[in-house]
**Student:** 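Structure below; questions to follow.
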Amino acid sequence: MAPRISVPANFGKEHINSEVHGNLLLKLKDGQGIKTNSMIMSLNSPVIDKLTTNLFQSSLEMDDFAKEAVECFVESMYTGEVDLLKQLIFEDVNKMAHVFDVSWLAKRCLKFYKTVILNFGSNSYEEILFACEVASRAHYNLKQSNYVSSFVKNMVSRDIGTTLFLQRYMAGFAELSKRQIDMSMAVTGNVTQSVMMPFISHVINNLKCKNLDENSLYLLEQLDVQKLRQDFPKYFKDTANLLAEVAEISESSEVNELVKKFVETKSDIAAISSKDDDTEDNETITEECDTNDSDCEEVASVAIQTEDVEYDWIKPQLRKWYTGVLLNESVQFISTDNKSGTFNIRYTLHGEGGTDKKQFCMNCDNVDTSQWSYVISDCTVNEWTKQFLHDVPHDKLKHWIITRFSSHLKVVCNKVTVLHFYFSDDCDSNKRDGERFWSRKANSAEFYCQVNNSILLRTIEGYR
């Protein structure tokens, strides 16, 4: 067992390929090799330590990796730096870091991915595709899901349309690998029209509704059917009808199983149709909410479907702060129009160092596209259209649930999670105090709206 010396450390790159110290040969694909010191390599890698100390290996086959990548890997072991790391060899170096369990290098690789590869110069499709494929392969081959989450966060923070990207990424649906299908679903949170549209088009236009190919079966098996049914009832109904049509011709047992998975009885589809009808009725009701509070209460009962009697729904006045809105760590309200405007939630945060009031604010920037931006005190820049909520539903009736945890803030709209903001990772680089403030306990919260449309606010009974 190699002695415990803290790494990374600078052992001197001049000792690489030393005739005196080079007792471990790394064999490259071109027949060449790099002479390294087994002690230096073992200090960085517990895997190499076991191979040399316990199995007495004096050479390692490195022909799976590019020569330049192995040179970068070795220099990093000797210097504790990643000066030779660049995009062309990134995946090989990252793979070596994980294969040989060099934990500090794996962290540096993730940092390089976030700060260099995700730092798109022109937001071109090629730049985004490269970053997407790197994240996909890291997740698929190395089981590193943090690359995918970093990619998605970057797309959202830069306001890069995932829908447009996925339209191109999934254009050749039949030629996609399972890894690429998994990535597409990860980017969209498993289910959106961005995934379903290419699939439906492929089955109709290419397969002529006669059968399902391997990719179609794989996508359907991975789908969160319940989520599809709840969040996108139209696509659920279209897919169920499409499968039923295919099943009439196909004798495949897999197809028949998928039909059962999507719709076991005709009443399932009838229930979806009924849900669509109810939604249309709700939209009709919301048009009258400006003048009739009782109609607004009816909208609330339909949208929330709650029987909690200790909570009350009120119609708040414009530009007035309301207390008593923090229920089970969440603030809930319903907006019944997509009119442009701002909602503010002000938290009173108690902890070591005193008590502070910090705000989460969100604003509808574009009514037609349902684009919403947000600001978090001491975490983001204090400007609109800089950071955005993700995939906000276009529904006219929006039920918002904002929940503050000690580690992050979560925003849900009509059962779709549109923001996960982690105070430790997502604060702007020049905002150093955000995590310190927002990790405190929130004893109360206040609500304030600057939008002249019909909304309902959930409060503790008695608060006005």
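These figures come from a predicted structure and were not determined experimentally.
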**Student:** With side chains defined as the heavy atoms from C-beta onward, is the minimum distance between K67 and I34 less than 4.5 Å?
**Tutor:** no
**Student:** Check whether NZ of the Lys or CZ of the Arg R404 lies under 6.0 Å from the centre of the six-membered ring of F360 and within 45 degrees of that ring's axis.
**Tutor:**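 No, R404 does not lie over the aromatic ring of F360.
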**Student:** How about V70 and M96: do any of their side-chain heavy atoms sit closer than 4.5 Å?
**Tutor:** yes
**Student:** Distance-only, no hydrogens or angles: does the N414 side chain make a donor-acceptor pair with backbone N or O of H399 under 3.5 Å?
**Tutor:** yes
**Student:** Name all pairs fulfilling the salt bridge (charged side-chain N to carboxylate O under 4.0 Å, His left out) condition that reach into residues 175-188, sequence neighbours left out, sorted by first residue then second.
**Tutor:**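 Every pair satisfying salt bridge (charged side-chain N to carboxylate O under 4.0 Å, His left out) with a residue in residues 175-188: E133-R179, K178-E214.
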**Student:** Please collect all side-chain hydrogen bond (donor to acceptor under 3.5 Å, both in side chains) contacts where either partner lies in residues 376-390, sequence neighbours excluded, each pair once.
**Tutor:**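 Passing the test, one end in residues 376-390: K358-D378.
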**Student:** Within the distance-only criterion (no hydrogens, no angle test), does the side chain of D92 pair as donor or acceptor with the backbone N or O of F65 below 3.5 angstrom?
**Tutor:** no
**Student:** Look only at the side chain of E75 and the backbone of D83, and say whether a donor-acceptor pair between them is shorter than 3.5 Å.
**Tutor:** no
**Student:** Quick check: does any side chain N or O of D395 sit under 3.5 Å from a backbone N or O of K398, one acting as donor and the other as acceptor?
**Tutor:**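 No, the answer is negative, given that no donor and acceptor are paired below the 3.5 Å cut-off.
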**Student:** Going by the rule salt bridge (Lys or Arg N to Asp or Glu O under 4.0 Å), which residues pair with E91 if we only count those two or more places apart in sequence or in a different chain?
**Tutor:** R137
**Student:** Just wondering, do T239 and L223 contact through their side chains at under 4.5 Å, heavy atoms?
**Tutor:**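 The answer is no, as the side chains (C-beta and beyond) never meet within the 4.5 Å cut-off.
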**Student:** Whether the side chain of S136 engages the backbone of M183 through a donor-acceptor N/O pair (distance < 3.5 Å, no angle test) should be reported.
**Tutor:** no
**Student:** Check the pair Y113 / N94 against side chain to side chain donor-acceptor pair (under 3.5 Å), numbers first and verdict last.
**Tutor:** CA-CA 10 Å; Y113 178 77; N94 188 36; over 6 Å; no
**Student:** Within the side chain of N44, is there an N or O that forms a donor-acceptor pair under 3.5 Å with the backbone of V7?
**Tutor:** no
**Student:** Do any N or O atoms from the side chain of T53 and from the backbone of K50 form a donor-acceptor pair under 3.5 angstrom?
**Tutor:**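 No; judged by distance alone, with no hydrogens or angles, the pair does not exist.
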**Student:** Could you check whether any side-chain N or O of Y422 sits under 3.5 Å from a backbone N or O of S407, counting only pairs where one atom can act as donor and the other as acceptor?
**Tutor:**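 Judged by distance alone, no pair lies under 3.5 Å.
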